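One structure below.
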Amino acid sequence: PAATPSAMSESDKVDQFIREMKLADARKTAVASLAKEPKNADLLARYSRVLVLTGDQEKNKDAQLGLYEKARAQADQAIQA
């Protein structure tokens with residue numbers, strides 16, 4: 001059975017939103033969670049993934065590139081965490 005939302009970790013919640021392609025919810029959850037745990041490697045990696053997926057949907061090439069650059073920065077932070 002699926003975990004209830006209250007029993008899920010913040011990383012799991014982000015993953016669930018990604019699976020459902022609810023990227024705005026995934027991004028909001030990741031940002032809020034990272035405000036509490038800025039060095040959480042799991043959250044940083046998931047946030048990076050959300051940014052890549054959001055960039056994939058972005059039509060404006062400059063905005064897309066900005067999202068990809070931010071995703072890379074988050075991934076680099078996850079590696080260092």
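Quantities reported herein were computed from a predicted structural model and do not represent experimental measurements. Below, each value reflects all heavy atoms present in this structure, side chains not excepted, and no hydrogens, waters or symmetry copies. Numbers for residues simply follow the sequence, beginning at 1.
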Exercise for the section: Could you pull out the closest heavy-atom pair between A71 and S48, with the gap in Å? Expected result: O-OG, 2.8 Å

Problem - Derivation of the side-chain contact (heavy atoms from CB on, under 4.5 Å) call for Y47 and V31 - result: CA-CA 8 Å; Y47 184 41; V31 168; 3.6 Å; yes

Handout entry: Shortest non-hydrogen contact from V50 toward A26
Key = CG2-CB, 3.7 Å

Handout entry: Distance (rounded to the nearest 0.5 Å) between L67 CG and R27 CZ
Key = 5.5 Å

Problem - Distance, nearest 0.5 Å, that separates CE of M21 from OG1 of T54 - result: 8.0 Å

Handout entry: Separation of D42 CG from D12 CG (nearest 0.5 Å)
Key = 9.0 Å

Handout entry: Nearest non-hydrogen partners of P38 and L44, listed with the distance
Key = O-CD1, 3.7 Å

Exercise for the section: Could you tell me which residues satisfy side chain to side chain contact (heavy atoms under 4.5 Å, CB included) with E37, sequence neighbours excluded, listed by chain and number? Expected result: N40, L43

Practice task
Not counting sequence neighbours, list each pair that qualifies as a salt bridge (charged side-chain N to carboxylate O under 4.0 Å, His left out) and has a residue in residues 55-67.
Solution key: none

Exercise for the section: Look at E10 together with K13 and state whether they make a salt bridge at an N to O cut-off of under 4.0 Å. Expected result: yes

Fill in the blank from the handout: Grouping ILVMFWY residues whenever side-chain heavy atoms fall under 4.5 Å, the cluster of V52 otherwise contains Y68

Practice task
Would you indicate whether the side-chain heavy atoms of V14 and Q16 approach each other to under 4.5 Å?
Solution key: no

Practice task
Decide yes or no for Q74 and L34: does some side-chain heavy atom of the first lie under 4.5 Å from some side-chain heavy atom of the second?
Solution key: yes

Problem - Distance, nearest 0.5 Å, that separates NZ of K39 from CD of Q77 - result: 7.5 Å

Problem - Non-hydrogen atoms of A45 and A78 that approach each other most closely - result: N-CB, 3.8 Å

